[in-house]
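Below is one structure, written out as C-alpha cells, with a few remarks after it.
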Amino acid sequence: MTDPARPRLVVLVSGSGTNLQALLDAAADPAYGADVVAVGADRAGIEGLARAERAGVPTFVERVGDHASRADWDAALTAAVAAHQPDLVVLAGFMKLVGPAFLAAFGGRTLNTHPALSPSFPGMHGPADALAYGVKVTGCTLFVVDEGVDTGVIVEQAVVRVEDDDDVESLHERIKTAERSMLVEQVGRLAREGFRVEGRRLLVG
Ligand code: GAR
C-alpha cells in the first residue's frame, strides 16, 4: 500500500536488482517513510523486474532499440517515470546514461549508486578497474545524477577492503553488501528529511 503522504520513489534497474530488493524490503516498514511506487528497466525479463512484480509494484520497460533515436528513448523514459509522479528517482544498477530530457525533469532528485569510490574508476567496470589498478580499498558511492559519468554531487560513500584473493565477482559482491546498506539508509534519510545541493556539497534537512 502506498501512503499519499509519503515520498514516492521510482527505481530504475537493468539486472539482478539486489539493491532494489533492499529498498523494497526497507519500504515495507511504514517507519521507513518512503514508498517504491514503480520500477522501470531498459530491458525485459530481468530479475529486477520480477522482484518488483513479486512485491506488487507496477513495472515498465523502455528499450533503447524500440525508439528511433537515443533522444526519443530519453523522452519516453522520462514520460514513463513522470507518470508515477516520483519525489525521488533511484538508479539501482541501471546501466544507461539518462539524457537531457530526463535531467530536465528529474535533475537534482535522481540518485545513482556506483560500485567504486568516486572520483576513481567511473563507468561500467568499477570493481574490475579497481582490481586491475591494485588498490587496497575501494567501495561504493551514492551521488546525485548529472550529465557526466558518475560525476554528480556525492551523497555518501562506503569503503570496502580489497583482499589478496579477490576476483571481480567476490569484490563486487562485497561492495554490493556495503552498497545495499548505504542505499537504504541514505535514500530513506533524504526522502524523509529533504535535501539541497550547494556547489559540490549535499545538505540534508
Ligand atoms: C551495483 O553494484 C551498482 O552499483 C552497479 O550495478 C550493480 C547492480 O546490482 N551499477 C553500475 O555499475 C552503474 N554504472 P543489483 O542489480 O544487484 O542491484
Side-chain angles (χ1 to χ4, degrees), residues 9-28 36 38-55 57 59-62 64 70 73-74 77 81 88-99 102-103 106 110-133 135 137-162 166-188 190:
L9 310 177
V10 169
V11 183
L12 300 184
V13 295
S14 296
S16 65
T18 66
N19 281 283
L20 163 66
Q21 188 68 56
L23 284 172
L24 289 168
D25 293 347
V36 179
V39 172
D42 63 326
R43 62 199 76 183
I46 55 172
E47 181 60 16
L49 289 171
R51 290 177 191 275
E53 282 156 17
R54 287 197 291 272
V57 172
T59 63
F60 58 88
V61 175
E62 290 294 345
V64 173
R70 187 86 183 194
W73 170 77
D74 185 44
L77 180 71
V81 171
L88 269 182
V89 183
V90 181
L91 312 189
F94 188 61
M95 294 302 187
K96 291 280 186 301
L97 286 180
V98 297
F102 191 96
L103 287 171
F106 302 114
T110 299
L111 307 177
N112 192 7
T113 174
H114 175 59
L117 290 175
S118 297
S120 294
F121 312 123
M124 301 285 281
H125 309 291
D129 293 344
L131 204 59
Y133 197 92
V135 294
V137 292
T138 182
C140 47
T141 302
L142 183 68
F143 63 96
V144 182
V145 173
D146 65 10
E147 59 286 340
V149 178
D150 303 323
T151 52
V153 167
I154 293 172
V155 178
E156 180 62 300
Q157 296 183 296
V159 174
V160 170
R161 184 126 199 114
V162 181
D166 265 331
D167 58 18
V168 174
E169 192 182 348
S170 65
L171 178 59
H172 197 178
E173 279 308 314
R174 197 174 318 108
I175 292 170
K176 281 171 62 166
T177 300
E179 203 172 16
R180 289 189 284 268
S181 305
M182 176 184 74
L183 185 70
V184 165
E185 188 181 317
Q186 295 300 323
V187 167
L190 298 186

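Counting starts at 1 for both ligands and their atoms, following the listed order. Keep in mind that this is a model prediction, so the values were computed, not measured.
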* To do: Could you tell me whether Glu169 and Lys176 have a side-chain N and a carboxylate O separated by less than 4.0 Å?
  => no
Given the options Asn112, Thr110, Leu20, Leu77, Leu12 meets side chain to side chain contact (heavy atoms under 4.5 Å, CB included) only with Leu77
Can you find a heavy atom in the side chain of Leu111 that is under 4.5 Å from one in the side chain of Val144?
yes
Describe, in one word, how the ring planes of Phe94 and Trp73 are oriented to each other, choosing from parallel (under 30°), tilted (30 to 60°) and perpendicular (over 60°). parallel
When every non-hydrogen atom of Arg70 is compared with those of Leu97, the smallest separation belongs to NH2-O, 3.3 Å
Output for ligand 1, non-hydrogen cut-off under 4.0 Å, lists Ser16, Gly17, Thr18, Asn19, Gly93, Met95, Thr113, His114, Pro115, Gly123, His172, Lys176, Glu179
Quiz item: Is there a donor-acceptor contact under 3.5 Å linking the side chains of Thr151 and Asp146?
Solution: yes
